[in-house]
Amino acid sequence: MNILVTGGAGYIGSHTLIELIDREFENLFSIDNYLNSEESNYDKIEKITGRKINYFNIDLKDKEAIKSFFNKNTIDSVIHFAALKSVPESIDIPIECYQNNVGGLLNLVEAMQESNVNQLIFSSSCSIYGNPEKLPVNENTPFGKAESPYARSKQMGENILEDFCKVNKNFKVISLRYFNPAGAHKSGFIGEGYTKRPNNLVPLIAQTAVGLRDKLTVFGTDYSTKDGSCVRDYIHVVDVAQAHVKALDYFNKMKPNYDVINLGTGNGTTVLEIIKSFEKASGQKLNYELGKRRAGDVETIYADNSKAKKELHWDAKLTIYDMVSTAWKWQQNMEA
Ligand code: UD1
């Protein structure tokens, strides 16, 4: 089976390539434009697995380049990660967000259709649920009001794919709705840290702990949660990566040709709890301040993950402690 991973040099993409290699998928291709990733990640994947990836510098906004890739390479399935993922950045630069996340997806699907490539796994997000009325959210929970262009771009992506699948019955799409991926590979060689403007919680904590930042600000302490800070469903990136490998099997048995599956642990954790867990794992006191709410944030969200368990035969195995300790190991390696 020949698999194309878009954004394979990025955070979740690189971890997924490792899991695909572990499951002995032979022909792996990756395209990336290195906007928020580094080409050297492929060397690190090779160091961890002993296997080389066929990789290409292609921007999905370049329709001709992606069409030409499919003309030259035989691909069976695509796992599509390449996108802008920062919620606050999407508020500052909405056009870039839509160009990458929606424009890039349209070009990809058009090129796949022309080359008869019919299986796509799409990186969606729990942000499509907005501020949900009922928790935990399951796949039947309707789209909520999008709190950011990022969230809206993921809603649009899902809508586009569902519409496309209605008229292209031989095309199969699985949208995986990630909650909050965190942590790093246990080797400490790859992790999250390349974004030009990082704003995900765990990498920011690790960067503060090594002294790259003065302090971390906790965004909001007046939410209606147990300690006033926001609640998220943090999930280890390796668990997320493994779910993609299982989703490839699901293509063979899925009934509708468009389906959505939540990828979360089912547990909600506050920002302050993450900080405490990091302090325990690293043995360091973190310099942080309690600050104002951040625009675009939802208060509380966590997953009902029973569909992933049933349909993908998958479960999240790693803990918050695993997430913060691997993130810490990775951050220290970066500085070494
Ligand atoms: C959002 C999406 C998630 C997506 C992710 C990709 C929602 C509900 N979730 O996650 O689906 O995968 O973007 O980037 O929209 N925080 C601080 N201080 C900081 C940074 C963050 O307190 O310096 C807090 C945030 O307010 C939030 C939590 O940490 O409560 C997590 O933030 P972040 O890591 O940025 O992810 P989300 O925005 O929750």
Side-chain angles (χ1 to χ4, degrees), residues 7 10-13 36 81 83-91 97 100-101 122-132 135-137 141 143-155 157-158 175-183 192-209 212-225 227-237 239-240 262-265 268-278 286-303 320 323-324 327:
Y11 176 46
I12 309 179
N36 281 321
F81 295 106
L84 296 186
K85 68 158 188 170
S86 163
V87 170
E89 182 183 68
S90 78
I91 294 169
C97 170
N100 279 280
N101 296 11
F122 175 61
S123 293
S124 188
S125 157
C126 68
S127 59
I128 58 103
Y129 295 116
N131 254 307
L135 289 162
V137 287
T141 304
F143 282 3
K145 176 181 165 287
E147 293 292 330
S148 64
Y150 167 79
R152 189 166 290 116
S153 76
K154 292 297 174 185
Q155 292 180 337
E158 286 203 20
S175 288
L176 295 178
R177 294 175 174 165
Y178 315 149
F179 282 65
N180 283 58
E192 183 178 18
Y194 292 120
T195 55
K196 300 236 158 58
R197 289 205 269 166
N199 34 42
N200 284 116
L201 179 64
V202 175
L204 287 178
I205 289 177
Q207 287 171 13
T208 308
L212 289 175
R213 292 167 187 276
D214 279 353
K215 62 177 171 234
L216 180 98
T217 304
V218 175
F219 293 136
T221 50
D222 58 349
Y223 288 103
S224 305
T225 59
D227 58 25
S229 63
C230 288
V231 171
R232 295 286 183 275
D233 185 339
Y234 296 90
I235 175 167
H236 200 291
V237 66
D239 280 326
V240 173
N262 281 345
L263 287 188
T265 63
T269 307
T270 68
V271 175
L272 290 169
E273 285 173 331
I274 294 284
I275 292 174
K276 279 193 203 96
S277 184
F278 182 86
L286 191 77
N287 189 20
Y288 67 91
E289 64 177 5
L290 304 179
K292 288 202 200 100
R293 292 182 176 200
R294 179 177 73 173
D297 268 338
V298 304
E299 177 174 294
T300 298
I301 192 157
Y302 52 93
I320 294 285
M323 294 175 218
V324 292

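Just so you know, ligand 1 is whichever comes first in the structure, and atom 1 is the first atom listed for that ligand. Sequence positions, counted from 1, serve as the residue numbers for this chain. Note: hydrogens, waters and symmetry copies are ignored here, and every other heavy atom, side chains too, is used.
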Seminar exercise, completed: Test side chain to side chain contact (heavy atoms under 4.5 Å, CB included), reference Ser86, set Asn199, Asn36, Ile91, output is Asn199
Exercise. Is Asn199 touching ligand 1 with its side chain, its backbone, both, or neither, if touching means heavy atoms under 4.0 Å apart?
Worked result: backbone
Seminar exercise, completed: Closest to atom 22 (O) of ligand 1 (heavy atoms only, candidates Tyr234, Tyr11, Tyr178, Phe219) is Phe219
Seminar exercise, completed: Counting heavy atoms under 4.0 Å, the part of Phe179 that contacts ligand 1 is backbone
Exercise. Which residues satisfy the salt bridge (Lys or Arg N to Asp or Glu O under 4.0 Å) test with Arg213, sequence neighbours excluded?
Worked result: none
For this session: Would you check whether Leu201 has a nitrogen or oxygen atom less than 3.5 angstrom from a nitrogen or oxygen atom of ligand 1?
Result: yes
Exercise. Side chain, backbone, both or neither: which part of Asn200 comes within less than 4.0 Å of ligand 1 when only heavy atoms are counted?
Worked result: both
For this session: Report the residues that fulfil ring-ring contact (aromatic ring centres under 6.0 Å, His included) with Phe122, sequence neighbours left out, ordered by chain and then residue number.
Result: none
Exercise. What is the closest protein heavy atom to atom 24 (C) of ligand 1, and at what distance does it sit?
Worked result: Val271 CG2, 3.7 Å
Exercise. Any idea which part of Thr217 is under 4.0 Å from ligand 1, heavy-atom wise: side chain, backbone, both or neither?
Worked result: backbone
Seminar exercise, completed: Within 4.0 Å of some non-hydrogen atom of Arg232, the atoms of ligand 1 are 8 (C), 27 (C), 30 (O), 37 (P), 39 (O)
Exercise. Quick one: does Ser86 get an N or O within less than 3.5 Å of an N or O on ligand 1?
Worked result: no
